[in-house]
Amino acid sequence: MDQPTAPSPQVPATRGDAVKKILLAAPRGYCAGVDRAVDAVEQALAHYGAPIYVRKEIVHNKYVVEALSRRGAIFVSKTDEVPEGARVVFSAHGVSPAVHARAEARHLRTIDATCPLVTKVHKQAIRFAKDDYDIILVGHTGHEEVEGTQGEAPERIQVVNGPHEVDAVTVRDPEKVVWISQTTLSVDETMETVRLLRERFPHLADPPADDICYATQNRQGAVKTIAPRVDVMVVVGSGNSSNSVRLKEVALEAGAPVAYRVDYARELEESWFAEANTVGLTSGASVPEILVREVVERLGEMGFDEVEMVRTATEKISFSLPKNLRADLRAAAGGRMPGHRREPVAGHTC
Ligand code: SF4
């Protein structure tokens, strides 16, 4: 749980409707990349049996990691912790070529659950590096996705964490610079970073399309819509989940007087809502819907028993399982692709 940001003195303590209600953002929760990655671990456990090793957290959510651990997944932080020849799943955040090479050298049987939208950014990095660009990766140093993308061309890619780092950027040729980004950033802050980069490098090239993914943009869009109407915003998501942390920041920037991020309903404190009539609620892209339902129930116990869904986008994207896992499942089913047979870690979102 994060510390809350203090309410702004200019904003009244309560606003919105007189009845105590929850504004539930939609879309929220699981995105297609997370759904696929969690499904990959579940299907691997069901098909090959435990243990299945997973490099890093498959997605950044405590509940998901704990639930999969109970079913036989073993989470490791380095490929070298996986026993020689064992089966390992790479997380949705992606890995660098060096990690693939290390896994191959140790004869690991890999299932690559990298989100296809992250793979797309890797491919851009490879292409721009081949064309000899200096590549500015807008993202957070140390985040697994950034490490994986940077690993595609470490000699060409430099990471810029935000507007404050733009002045420190140095390039070989100011006419041959391109920017790409982590998929889970704040849209507005990224665009500000790019604006400042362009001031310094007027020939800055853009990637073919925005790298910030549809799920990040949609969840931030829903939060921006409801934030001005709420007294308190609650974001369900883990502290190491980039997109969840961004949702809290976006809520505050969009006018929520105060915002909290929690992993579980039990972290909610009644004092946070003592003066509130309207509570906004959303969840990060790695958060199962069951955790949101528990927050709704807990808020209901505090008198917020009316729920209004505020939908700002509809999502229909889904990704198929990693190729080699799909092939094994199909072979086991006599050439047919078996139906969706997972006992989900949690239900799908809205
Ligand atoms: Fe893929 Fe976006 Fe989900 Fe990340 S947040 S796993 S990039 S869909």
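Please read these numbers as outputs of a predicted model, since none were measured by experiment. Values below: all heavy atoms of this structure, side chains included; hydrogens, waters and symmetry mates excluded. Each ligand, and each atom within it, is numbered from 1 in the order the structure gives.
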Nearest-0.5 Å distance that lies between atom CD in Glu144 and atom CZ in Arg55: 7.5 Å
Gap between atom OG1 of Thr149 and atom NE2 of His122 - 0.5 Å precision: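 Answer for the NE2-OG1 pair, His122 versus Thr149, is 3.5 Å.
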Presence of N, O or S from Cys213 under 2.8 Å of atom 2 (Fe) of ligand 1: yes
Per-atom contacts, ligand 1 versus [X] - under 4.0 Å to a heavy atom:
| X | answer |
| --- | --- |
| Thr183 | 4 (Fe), 7 (S) |
| Cys115 | 1 (Fe), 6 (S), 7 (S), 8 (S) |
| Cys31 | 3 (Fe), 5 (S), 6 (S), 8 (S) |

Carboxylate-amine/guanidinium contact Lys20 Glu306, below 4.0 Å: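 Salt bridge between Lys20 and Glu306, a charged N being under 4.0 Å from a carboxylate O: no.
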Carboxylate-amine/guanidinium proximity below 4.0 Å for Arg102 and Asp80: yes
